[in-house]
Amino acid sequence: MSGFKRDRQGNAKKFDGPKPAPKPKSIVRNACTPLFEHLRDELDEHHDRRDRIGKASRDITALSKKIIFSLQRVRKIDDELPQEIQADIDLRLAEIAKLLASIAPEVQNINRLRYARSLVCLEELVEALTFAHYVKTQTLIDHDELSRIVEDLARQGAASEDVAMPDASEDAAQKPSQAAELPTVSITDDDYLYGVFDLTGEMMRFATTASALTGKMASGDSAAADDAPRTIVEDMHDLGSFFEMLPLRSGNRVAWEKKLEVMRQSVHKVEKLGYDRVVRGSERPAGWVPDLSSTDQPEGLE
C-alpha cells in the first residue's frame with residue numbers, strides 16, 4: 001500500500017497530475033525601455049564588430065610576418081627580388097587585400113580610432129611593406145606613399161571579391177571613379193612610426209644574416225664607380241638619429257620608450273657587427289655568425 005504525502009497539518013495532499021507551467025511574467029515597459037533596448041542592440045553590434053576586426057587583424061598579422069620571413073631569405077639589396085620570393089609576397093598581399101576589404105566598412109570615420117587597438121595588424125603590415133621597400137631600394141618609404149599603398153590594397157581586395165563594384169554593363173570610364181569611392185583602410189601616424197620602429201629589428205637581422213653568408217655588410221649599388229657603396233650600418237645610424245630627435249609622443253609613453261630602447265639595441269648590434277667586420281674581418285672563417293649579446297662586453301663599455 002502506497003503512502004500519502006501530508007502537509008504540516010497532517011492532511012493528505014491531493015495529486016491531480018503534473019503542475020502547470022508557470023505563466024511568464026509580463027515585461028514591464030515604461031518610457032525608458034526603448035532607450036535601453038537601443039543601447040543593448042548598439043553594444044551587441046559593437047562587440048560583434050570588434051570580434052570581426054580582431055579576427056581579421058590576427059590573420060593580417062600572421063600574413064605580414066610570413067612576408068617578413070620571406071624577405072629575410074634575401075641576401076643582398078637589389079631592386080629585383082628572387083622570383084620565388086616575389087611570388088610568395090604577391091600571394092600574401094592578395095590575401096591581406098581581401099582581409100582589409102572585409103573590415104574596411106567597419107572602420108570608417110570615428111570607428112577608425114574607436115577600434116585602433118584592434119587594428120594592431122597595421123603596425124605589422126607597415127613593418128613588412130617598409131622592409132620590402134628597403135630591400136629593393138635601400139630607402140625608407142614615407143607615410144603618404146605607404147598610406148596610398150594600403151588604401152589601394154583594400155580597394156583591390158574589394159574588387160576581387162566584387163564588393164560594391166560597378167555593374168559590368170556600365171561605362172568603363174566610370175569604373176575607376178566608382179572604385180575609388182569604395183571604403184578603404186588608412187594608416188595613422190602611430191601605425192607608421194611604430195611599424196618603422198619594428199623595421200629596425202628586421203634590418204638588424206637582415207644585416208647579420210647577409211654579413212655571415214656573403215662576408216660583407218649589406219649595401220646597394222654605388223651611384224658612382226669611385227664612391228664606396230652605402231652600407232646598412234649608415235642607414236641604421238640615420239634611422240636611429242631621426243627617432244632620437246623626435247619629440248616624445250603624447251599617446252602611450254610606455255610603448256614609445258620601449259620601442260625606442262629596442263631600436264637603440266638594434267643599432268648597437270649592427271654597429272658592433274660592422275666594427276667586427278672592419279677590424280677583424282680577415283680572421284673570421286666563412287659562415288661565421290657574431291654573438292650579438294651584450295653579456296660579453298667589458299664593464300663600462302655598454
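For reference, positions follow the sequence shown, starting with 1. All values derive from a computational prediction rather than experimental measurement.
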Under 3.5 Å side-chain donor-acceptor pair for D235 and Y134
yes
Would the number of heavy atoms belonging to other residues, nucleotides or ligands and lying under 6.0 Å from CD of E84 be above 12?
yes
Tell me yes or no: between the side chains of Q156 and D152, is some donor less than 3.5 Å from an acceptor?
no
Modelled atom types, side-chain donor and acceptor of S147 and D144, under 3.5 Å:
no
Set out, in order, the CA-CA distance, both residues' side-chain angles and the distance that settles side chain to side chain contact (heavy atoms under 4.5 Å, CB included) for V150 and V126, then state yes or no.
CA-CA 9 Å; V150 175; V126 167; 5.6 Å; no
Salt bridge check: are K258 and E261 linked by an N-O gap of less than 4.0 Å?
no
Kindly say whether R114 contributes a backbone atom to a donor-acceptor pair with the side chain of N111 at under 3.5 angstrom?
no
Which residues share a side-chain hydrogen bond (donor to acceptor under 3.5 Å, both in side chains) with K136, sequence neighbours left out:
none
Say whether T188 and D191, considering side chains only, have a donor N or O and an acceptor N or O under 3.5 Å apart.
yes
Pairing of K259 and D198 as salt bridge, 4.0 angstrom limit
yes
Side chains of V135 and I77, heavy atoms from C-beta outward: is any pair under 4.5 Å?
no
Backbone of I53 reached by a side-chain donor or acceptor of S57 within 3.5 Å:
no
Check whether more than 12 heavy atoms from other residues, nucleotides or ligands sit under 6.0 Å from atom CZ of R117, and answer yes or no.
no
Could you check whether any side-chain N or O of R205 sits under 3.5 Å from a backbone N or O of Q72, counting only pairs where one atom can act as donor and the other as acceptor?
no
Looking at D51 and K55, is there a salt bridge between them, counting it only when a charged N and a carboxylate O are closer than 4.0 Å?
no
Donor on one side chain, acceptor on other, H237 and E271, under 3.5 Å
yes
Could you check whether atom NE2 of H47 has more than 12 heavy atoms from other residues, nucleotides or ligands sitting under 6.0 Å from it?
yes
Mind running side chain to side chain contact (heavy atoms under 4.5 Å, CB included) on T209 and V74 for me, showing each step along the way?
CA-CA 9 Å; T209 305; V74 179; over 6 Å; no
Transitive ILVMFWY cluster of L113 at side-chain heavy atoms under 4.5 Å: who else is in it?
none
Consider only side-chain N and O atoms of Y115 and R49, and report whether a donor and an acceptor are under 3.5 Å apart.
yes
Could you tell me whether L39 atom CG has more than 12 heavy atoms of other residues or ligands within 6.0 Å of it?
yes
Minimum side-chain heavy-atom gap E151-V185 below 4.5 Å:
no
Among M217, Q138, K216, which residue meets the side-chain contact (heavy atoms from CB on, under 4.5 Å) test with T231?
M217
If we only count heavy atoms from C-beta on, is the L199 to L140 side-chain gap below 4.5 Å?
yes
